[in-house]
Amino acid sequence: MYRRIIAPGALAAASLLLAIPASAASYSPGAPGIGDPYYPYYGNGGYDVSHYGLRLRYQPKTDELQGTATIRARTTQDLSSFDLDFLLDVSEVRVNGVKASFTHAEQHELVITPKKPLAKGTPITVVVRYSGVPSTKSAYGFTTWHRTPDGAVAADEPESAWWWFPSNDHPSDKATYDVSVAVPQGTQAISNGALESAVSKRGWTSYSWRQDKPQATYLATLAIGRFDVTRSRSKHGVPVINAYSKDLGATDTAARASVERTGEIVDWLSNYFGPYPFATAGGYVPNTTTGYALETQTRVYYSPKQFAKGANPSVVVHELAHQWYGDDVSLDGWKDIWLNEGFATYAQWLWSEHEGQGTTRQLAEQVYSSHPADDPFWTVKPGDPGPDDQFADAVYDRGAAAIQALREAVGDRAFFRILKGWPKAHAYGNASVADFEKYAEQVSGKPLAGLFDTWLYQPVKPAASAARGFAAAGAAVSPPKSWKQIEAAHQGHAAQGAHRG
């Protein structure tokens with residue numbers, strides 16, 4: 001639907017080919033999508049990004065953003081042109097220092113044609129100068145740029161980059177980041193990684209953030225406003241940076257009571273998943289009306305609504321678990337979402353057990369018993385849910401029950417080796433559900449294809465024999481004490497019309 005089609009007449013095409021030297025005939029446009037079956041036109045073909053350098057200037061009063069993006073990449077085919085995913089207004093593009101022509105196409109494509117074609121394997125530096133008012137831009141009928149009373153936030157899934165920087169917007173193309181943001185003095189800019197500097201001059205302050213580990217584009221975040229920033233260090237030595245909007249009101253206390261446990265929870269999760277994979281940890285709570293949290297890398301985004309009913313450390317556990325399962329090891333394609341959400345939910349189950357509020361087995365039993373066989377819940381396949389059900393409850397809850405079924409099948413010793421070994425085996429890379437299945441079989445020494453097929457791919461409730469160890473006998477069981485908090489961490493997406501993380 002969005003692919004650009006050029007169809008010259010047969011005679012004209014033949015004449016064109018005769019006029020082009022054989023050495024140049026192989027150059028062609030990069031694909032306008034990376035090929036993800038859920039989102040065919042997200043990401044782009046023909047190149048691989050290694051680094052984004054972003055220099056931004058933002059005025060909160062008017063929502064005006066000015067930027068220069070410097071993108072380091074390498075071509076993966078002979079390119080005559082290539083796309084970036086972007087929505088704002090572009091004034092200039094340079095490729096390897098030379099001005100390039102450009103145009104906007106379809107809903108979110110910036111099409112760049114360098115002065116000379118680029119051979120496969122060529123290192124390229126792309127500089128894009130741009131400006132605009134992000135809140136006025138939309139694609140496919142939505143926006144992921146969230147205005148706040150004192151600024152704005154970029155945080156959403158599966159896309160948010162288009163509103164603030166040009167990118168190859170797909171998790172399979174991870175890169176490092178330098179983000180420098182100038183804002184009026186008294187306002188702050190929060191992003192991923194470590195704060196390298198904050199320099200004030202002539203009424204403006206420039207904040208420079210660095211993410212030195214590969215990061216998916218949807219995990220890049222930007223928050224601008226007036227924040228109270230706290231800094232600490234976990235017992236294991238992980239620096240923690242948290243930020244809270246100064247106008248959170250009654251939610252402030254509960255938000256702090258939850259997010260300030262970040263260092264404690266990071267250290268606790270390290271016992272199960274291995275050493276924390278990044279240089280810093282933390283989160284921020286801006287004054288937004290969204291209802292979800294998102295695992296933005298090293299600096300988790302939390303909606304105030306997550307804490308509207310009081311402190312909820314369970315949501316902090318969920319989002320911090322993603323730092324291993326989703327951020328360190330990212331999905332190959334969006335159909336692999338179970339690797340993110342099933343394991344982050346299971347981390348909440350482990351936390352529940354740790355807090356004496358219900359064991360993982362009891363929580364699996366709650367999932368199994370509370371959904372009868374004719375419940376549509378069981379028609380969602382966590383291993384390939386489809387784009388419409390990518391963030392359905394079943395991906396989280398049935399997905400976590402699948403992990404408990406794996407634990408029952410292989411035993412605790414093998415199970416916890418799998419849980420800790422997986423992030424190490426694919427550190428800072430990408431992997432699929434199929435890769436995890438193979439890894440679990442390799443570590444446990446057991447055939448597991450049937451188990452994964454039953455729990456991840458069959459659109460029916462697994463038989464009680466497949467839920468051995470936690471299948472409820474008779475009537476529905478009473479929910480464990482942790483159940484409401486766990487489910488609260490998953491809510492908010494439907495009413496907001498937003499994606500949840």
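Side chains included, hydrogens not; waters and symmetry mates left out as well; all remaining heavy atoms used. The residues of the chain are indexed from 1 along the displayed sequence. If you're wondering where the values come from, they're calculated on a predicted model, not measured in any experiment.
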Do [X] and [Y] meet the criterion of a side-chain donor-acceptor pair at a distance under 3.5 Å?
| X | Y | result |
| --- | --- | --- |
| W209 | N192 | no |
| Y42 | E159 | yes |
| T205 | Q185 | no |
| S160 | T144 | no |
| T360 | R407 | yes |
| W145 | D156 | no |
| H108 | Y140 | yes |
| D397 | Y368 | no |
| D267 | Y276 | no |
| H322 | Q297 | no |
| N44 | H170 | no |
| S432 | D336 | no |
| N312 | S258 | no |

With a 4.0 Å cut-off on N to O distance, would you call [X] and [Y] a salt bridge?
| X | Y | result |
| --- | --- | --- |
| R261 | E264 | yes |
| K137 | D89 | yes |
| D150 | R226 | no |
| R256 | D228 | yes |

Practice task
Could you tell me which residues satisfy ring pair (Phe, Tyr, Trp, His ring centres under 6.0 Å) with W351, sequence neighbours excluded, listed by chain and number?
Solution key: W268, H354
Exercise for the section: With sequence neighbours left out, write down each residue that passes ring pair (Phe, Tyr, Trp, His ring centres under 6.0 Å) with Y428, or none if nothing qualifies. Expected result: none
For the rings on [X] and [Y], is their centre-to-centre separation under 6.0 Å?
| X | Y | value |
| --- | --- | --- |
| F273 | Y325 | yes |
| Y301 | Y284 | yes |
| F452 | Y457 | no |

Practice task
Would you please classify the geometry between the F165 ring and the Y52 ring as parallel, tilted or perpendicular, with 30° and 60° separating the classes?
Solution key: perpendicular
Counting N and O atoms only, with roles assigned by atom type, does the side chain of [X] sit under 3.5 Å from a partner on the main chain of [Y], one being a donor and the other an acceptor?
| X | Y | result |
| --- | --- | --- |
| K335 | P385 | no |
| S352 | S482 | no |
| W334 | D36 | no |
| D173 | V49 | yes |
| S138 | T143 | no |
| H51 | T176 | yes |

Exercise for the section: Decide salt bridge (Lys or Arg N to Asp or Glu O under 4.0 Å) for K481 and E355; before the verdict, give the C-alpha distance in whole Å, the side-chain angles of both, and the deciding distance to 0.1 Å. Expected result: CA-CA 10 Å; K481 289 181 180 179; E355 294 287 281; over 6 Å; no
Problem - Chi angles and distances behind the side-chain contact (heavy atoms from CB on, under 4.5 Å) call for V285, F307 - result: CA-CA 10 Å; V285 189; F307 312 110; 4.3 Å; yes
Pairwise side-chain contact, [X] with [Y], heavy-atom cut-off 4.5 Å (strictly under):
| X | Y | result |
| --- | --- | --- |
| N242 | V240 | yes |
| Q323 | F278 | yes |
| E365 | Q404 | no |
| P304 | T288 | yes |
| H318 | Y396 | yes |

Handout entry: Aromatic F227 / basic K246 pairing, under 6.0 angstrom, 45° off normal
Key = no
Problem - With F343, the ring pair (Phe, Tyr, Trp, His ring centres under 6.0 Å) member among W324, W349, W338, Y272 - result: W338
